[in-house]
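Scope of the values below: all heavy atoms of this structure, side chains included, with no hydrogens, waters or symmetry mates. The structure displayed is predicted, hence computed values, not measured ones.
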Amino acid sequence: MKPFAHLHVHTEFSLLDGAVRTDKVFKLCDELNIPAIAMTDHGNMYGAIEFLKAAVKYTDKDADFLSFMKERRPFKVKPIIGCEVYMTEDMHVREKGVNGAPPKLNHLILLAKGETGYHNLIKIVSAGYTDGMYYKPRVDFDMIQKHSEGLVCLSACLAGTIPQAILKKDFAAADEWIKKFKSVFGDDFYIEIQNHNISAQKIVLPHLIRLARENGVKTVATNDAHYLTKADSKMQKVLMAISFHSTLESDDDGASGENMSGESVGDDKYFPTDEFYIKDYDEMYAALPYEDALDVTLEIAEKCDPYFIKKEPLLPSYTPPDGLSAEEYLRKLTFDGLKVRYGKITEEVKARAEYELGIVERLHFVDYFLIVWDFINYAESQGIPVGLGRGSGAGSIVAYAIGITKIDPLKYALIFERFLNPERVSNPDFDIDFCVDRRGEVIEYVTEKYGKSNVSQIATFGTMATKAAIKDVGRVFDLPFSEVNNITKMIPRGSEKMHIKDLLGRGVDKEGKPIAGVPEMIDLYNNDNTARRVLDMAEKIEGMPRQIGMHAAGVIICRDPIADHVPLSRTNEDVIVTQYDMIVDEELGLLKMDFL
């Protein structure tokens, strides 16, 4: 079987609009002779690092992610980071569509060729949320043009500007868009062709090929994959029904899976055919018998270098008064504070302080101590109640001396190495409690001091837990609440974190021993077709991310605009957050401060 690269793929991080599981896709690609695959989720990069990690893990399950990247080790299946962005004429204009409907947006695929392209993609995607958010994160041509370096551009699906112009029979506009994209991206611009047995695609296909030839632009075959296999098409419909709060049986647009010959597909419609999956070369050739367009996928994959992730120190520098260096200022604050705390500085106190200062300086955390001291000092100066300090940070005499903590580590024999250990370097983490009613004032102070673009809160992802997945599927299947509740009531208390396969006796524990499961649930599954249908589907979707949220306490303070390093998003509460969670943020060198 010939190789083929998938360059238009939606993972579970498209949030109920994609079901290509990152932990399974690389194995499937390897089996289908797919040497490279791109992640192009709708408007976001939430799963970019998880996608890369999954590719590393599939290549070598014991490999350290950052070391793998630094050493540029070869992947079994190359991961490509991209995004299907939402385009609008002017991202700063907020106007509804016809009859008050959400505005119509166009799609465009952008793929990172390397480090420059990755950072430009981050800026484009972030701007969609910070500046262009209106129903969806939107960007315009000017924004894309400004940050186009290092990116490959594909013209996208039927929702792209070029297919939409063709469908309106405005071939001059389609030609103009091709020329605009080519003027920006040059040979890195490609015209996508697709065939999911949708009539509109068959209308635009010959025109796309003709216009590409007339403009000297190559065509590339893609499949807009939203799920792993053909059998998963129903799962995709269930996810979208959950998103739209609808039921499959009540839909008349093919959502039930029975009518697979629909005429169109859009942002707010179910997929009218079951062809949106990870196909091999032969399946792609059967749908699109254009060898050049299929082979071009490998050309594009070759252009893309995924080795651009690294950890770097991104904490801002603290500027002390009187021209002192940060090290000198921390030392002054420490010994001034020791005099206040202890009166007389004994040899024991001095030795402990010198030891700690030496480690803090050697590990380059002086600025961290000063930044934390500064916002605690501000809070106390404004009469904002501050806690005593919790966690391993209470073991630091330097923190005690400068007022970050209020507990004497010598009196209580607290160990500094639990906080900072030179033999096992990890980010320090002071847990600081502020008055809940005035916590926002401290975050506002930090934002003003270091710059709005340099401070952000952190994303969390709400996933579909076992019980919630069962209830969601039951609702989508339009089953009575009581019937679904009878299933979820069988989940024993304390077993809420068990997966459905565990409850059904198909799982194993950490030692590889079979899990017995819940007898009454197993019996129901074996003897009730409706229950089996619900549980089978719930098992497929459990654990998928459902919505983005905000970390309750974590705040990122960066030396640069955060969007120079990680993408930003906006929560439903209109708060700017990093698109990566706190674990990924810290892995990349961003330091999380806890404002509890």
Sole candidate of I109, L7, V85 that passes side chain to side chain contact (heavy atoms under 4.5 Å, CB included) when paired with T40: I109

Donor-acceptor pair, side chain of R138 and main chain of M91, under 3.5 angstrom: yes

Ring geometry between Y46 and Y129 (parallel below 30°, tilted from 30 to 60°, perpendicular above 60°): tilted

Residue pair S569 / Q579: nearest heavy atoms and the distance that separates them: CB-CG, 3.5 Å

Nearest atoms (heavy-atom pairs only) where M235 meets M537: CA-SD, 3.7 Å

Interatomic distance, T488 atom OG1 to F481 atom CZ [nearest 0.5 angstrom]: 7.0 Å

By salt bridge (charged side-chain N to carboxylate O under 4.0 Å, His left out) - contacts of E511 (at least two apart): K513

Test of ring centre spacing under 6.0 Å for F51 and F26: yes

Residues which pass side-chain hydrogen bond (donor to acceptor under 3.5 Å, both in side chains) with N454, listed by chain and number, not counting sequence neighbours: none

Side-chain donor-acceptor contact under 3.5 Å, S67 with D64: yes

Enclosure of K57 NZ (heavy-atom neighbours >12, cutoff 6.0 Å): no

Pair listing, side-chain hydrogen bond (donor to acceptor under 3.5 Å, both in side chains) test, anchored in residues 535-545, at least two apart: T466-E542, R506-E539, Y525-D536

Qualifying residues under side-chain hydrogen bond (donor to acceptor under 3.5 Å, both in side chains), relative to K230, sequence neighbours excluded: E275

Residue pair R475 / I242: nearest heavy atoms and the distance that separates them: NH2-CA, 3.4 Å

Side chain proximity check, C157 to E192, heavy atoms < 4.5 angstrom: no

Cation-pi check, K310 onto F308 ring (under 6.0 Å, within 45° of axis): no

Residues in side-chain hydrogen bond (donor to acceptor under 3.5 Å, both in side chains) contact with D528, at least two apart in sequence or another chain: none

Set of salt bridge (charged side-chain N to carboxylate O under 4.0 Å, His left out) partners for E483, sequence neighbours left out: none

Residues that D431 engages under salt bridge (charged side-chain N to carboxylate O under 4.0 Å, His left out), provided they are two or more places apart: none

Residue list, ring-ring contact (aromatic ring centres under 6.0 Å, His included) with F13, at least two apart or on another chain: F461

Pairs meeting criterion salt bridge (Lys or Arg N to Asp or Glu O under 4.0 Å) with involvement of residues 582-596, two or more places apart: K53-E587, D429-K592, K592-D594

With D433 via side-chain hydrogen bond (donor to acceptor under 3.5 Å, both in side chains) - residues at least two apart: R390

Any residue meeting ring-ring contact (aromatic ring centres under 6.0 Å, His included) with F75, in chain and number order, not counting sequence neighbours: F68, Y307

Sequence-distant partners of D509, salt bridge (charged side-chain N to carboxylate O under 4.0 Å, His left out), two or more places apart: none

N106 side, atom CG; E84 side, atom CD - distance, nearest 0.5 Å: 10.5 Å

